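None of the values given here were measured: they were computed from a predicted structure. Order of the sequence lines fixes the chain letters, A, B, ..., with proteins taken first and strands second; residue numbering starts at 1 for each chain.
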2 protein chains.
Amino acid sequence: MSRRNEILDRAGELFSTRGFHATSMRDLAEAVGLQGGSLYAHIASKEDLLFEIVNKAADAFLRQAELVPRDLEPEARLRALVRGHLEVIVRELPRAKVFFDEWRFLSQDYQRRIKERRDAYEAYFRETIATGIAQGLFPQQDARLASLFVLSALNWVYQWYHPDGPLGLEALSEQYANLILAALRNARPEPIAAPGSGS
Amino acid sequence: MSRRNEILDRAGELFSTRGFHATSMRDLAEAVGLQGGSLYAHIASKEDLLFEIVNKAADAFLRQAELVPRDLEPEARLRALVRGHLEVIVRELPRAKVFFDEWRFLSQDYQRRIKERRDAYEAYFRETIATGIAQGLFPQQDARLASLFVLSALNWVYQWYHPDGPLGLEALSEQYANLILAALRNARPEPIAAPGSGS
DNA sequence: CCTACCGATCGGTAGG
DNA sequence: CCTACCGATCGGTAGG
């Protein structure tokens, strides 16, 4: 069981740096101190291994979202969601990378299962934004596009964040949340010319 | 020369959907109507092929940025940069996907060359934002983090955008630019308690 | 958990 | 541009 988790962790690191298809089971075996064939005493297949890693990342994201109190007002809720999302990326960077980059190499069935969880996760953001719009905190706008915007800004962080860089989780989360809330609060079209004011 | 471009385009599509390492040269040969070995009459190696695709995407992004008039004010400049970026993604989705997802499988030397061009591209955004801050259009903030935020939101679009979906380039660009400008204009910490007003 | 092995497939080349 | 081939490596299994 401990061995199994060691394999999962190492695989997450290797898949995240070299990519799923460029990592051989022998690479992984060596990284964990086994012979190639011995891995199959612990895991069923390379693809199952990928699924477990991706699914663990989905666990982490969803757990954070579930932790956000239901009764928070939308802005505070969104702040907490942003903070939780970035925390998972910062804390579990290899797994998060695999989640974003390698999930597409899963078989259809596994992909469907991940997609369901990802959709459930996105709904936390979309519904929080929709509530904010309904309450008049944010101007009228497309909640779906707005949540895609927010999640886009958040997701890409795994591409450039360095855990030993100068930017800590706290500072990052606060500045990102500030930018996101500023966007949602003030996102409306440029001042529109008055009706009939010309071509 | 036409054959060569056909190979490049097909390779871009295959690499973007299946991934570089999961696409075999025989897959590509079949897609283009050749035998496996015959590809090497047109290209030097699989990796060179990847580099050409990624580099073409870099061309497209940089060309758009260079087209933005230097004398525009920062907000209009940023709008044009946003629009240009999304245009490349929407117009050349497969190449853009390869650019973002597969460039890491290039050899060190090729990676360095791409990184240089990517850095030059990011500088357009960062410097435009920095100018906006210097002119007082945007409140004081970290221009580097702000440009990472903006490019994060923009880059991820290739993950969810469907060219035949309801959202056209114009509507997408305008709404994204609105959100981004709203974020930059209003990104400041929560109202801070007046100095000396408490613990 | 290892040794030894399986068939399949890989990127690339020689020779025409 | 094709045929035929190269050595290397792949994920996975049998048998212990």
Salt bridge present between [X] and [Y] (N-O < 4.0 angstrom):
X	Y	answer
B:Arg77	B:Glu73	no
B:Lys46	B:Glu52	no
A:Arg83	A:Glu170	yes

Check: Does CZ belonging to A:Arg91 count more than 12 external heavy atoms closer than 6.0 Å?
Finding: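 Above 12, so yes.
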Take the protein atom [atom1] of [X] and the nucleotide atom [atom2] of [N], then report the distance between them rounded to whole Å.
X	N	atom1	atom2	value
A:His42	D:dG12	NE2	C1'	16 Å
A:Phe105	D:dC10	CZ	C1'	16 Å
B:Glu30	C:dT9	CD	C1'	14 Å
A:Leu34	D:dG12	CG	C1'	15 Å
A:Tyr40	D:dG15	OH	P	18 Å
B:Glu47	C:dG11	CD	P	13 Å
A:Leu39	D:dG11	CG	P	10 Å
B:Gln35	D:dT3	CD	P	5 Å

Margin query: Tell me the closest heavy-atom pair linking B:Leu14 and B:Ala31, and the distance in Å.
Written below: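 Minimum heavy-atom contact is CD1-CB, 4.0 Å.
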Notebook entry, point to check: Of the nucleotides C:dC1, C:dG12, D:dG11, which has the atom closest to the A:Lys46 side chain?
Noted result: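 Side chain of A:Lys46 sits closest to D:dG11.
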Check: Across the strands shown, which category fits B:Gly37 at heavy-atom distances under 4.0 angstrom: base, sugar-phosphate, nothing?
Finding: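 Base, at least one base atom sits under 4.0 Å.
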Check: Hey, mind stepping through A:Tyr158 and A:Phe99 against ring pair (Phe, Tyr, Trp, His ring centres under 6.0 Å) and telling me if it holds?
Finding: CA-CA 10 Å; A:Tyr158 82 94; A:Phe99 179 78; 9.6 Å; no
Margin query: I need the residues from residues 15-29 of chain A with at least one non-hydrogen atom less than 4.0 Å from DNA chain D; give them sorted by number, or say none.
Written below: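 Correct list: A:Thr23, A:Ser24, A:Met25, A:Arg26.
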Check: B:Asn55 and B:Arg117: side-chain donor and acceptor closer than 3.5 Å?
Finding: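 B:Asn55 vs B:Arg117: donor-acceptor pair found between side chains.
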Next item on the list: Could you tell me whether the side chains of A:Ser107 and A:Glu47 share a donor-acceptor contact shorter than 3.5 Å?
Entry: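 A:Glu47 and A:Ser107 do have a side-chain donor-acceptor pair below 3.5 Å.
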Next item on the list: Name the residue closer to the 5' end of DNA chain D, choosing between B:Gly36 and A:Ala44 according to the nucleotide with the nearest heavy atom.
Entry: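 With B:Gly36 and A:Ala44 compared, the 5'-side residue is B:Gly36.
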Note to self: Tell me if the aromatic rings of B:Trp156 and B:Tyr161 count as close, with their centers under 6.0 Å from one another.
What the structure shows: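 Distance test on ring centres: not under 6.0 Å, no.
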Margin query: With each end axis built from five pairs of C1' atoms, what bend angle do you get for the helix from C:dC1-D:dG16 to C:dG16-D:dC1? Round to 10°.
Written below: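 Both end axes considered, the difference amounts to 0°.
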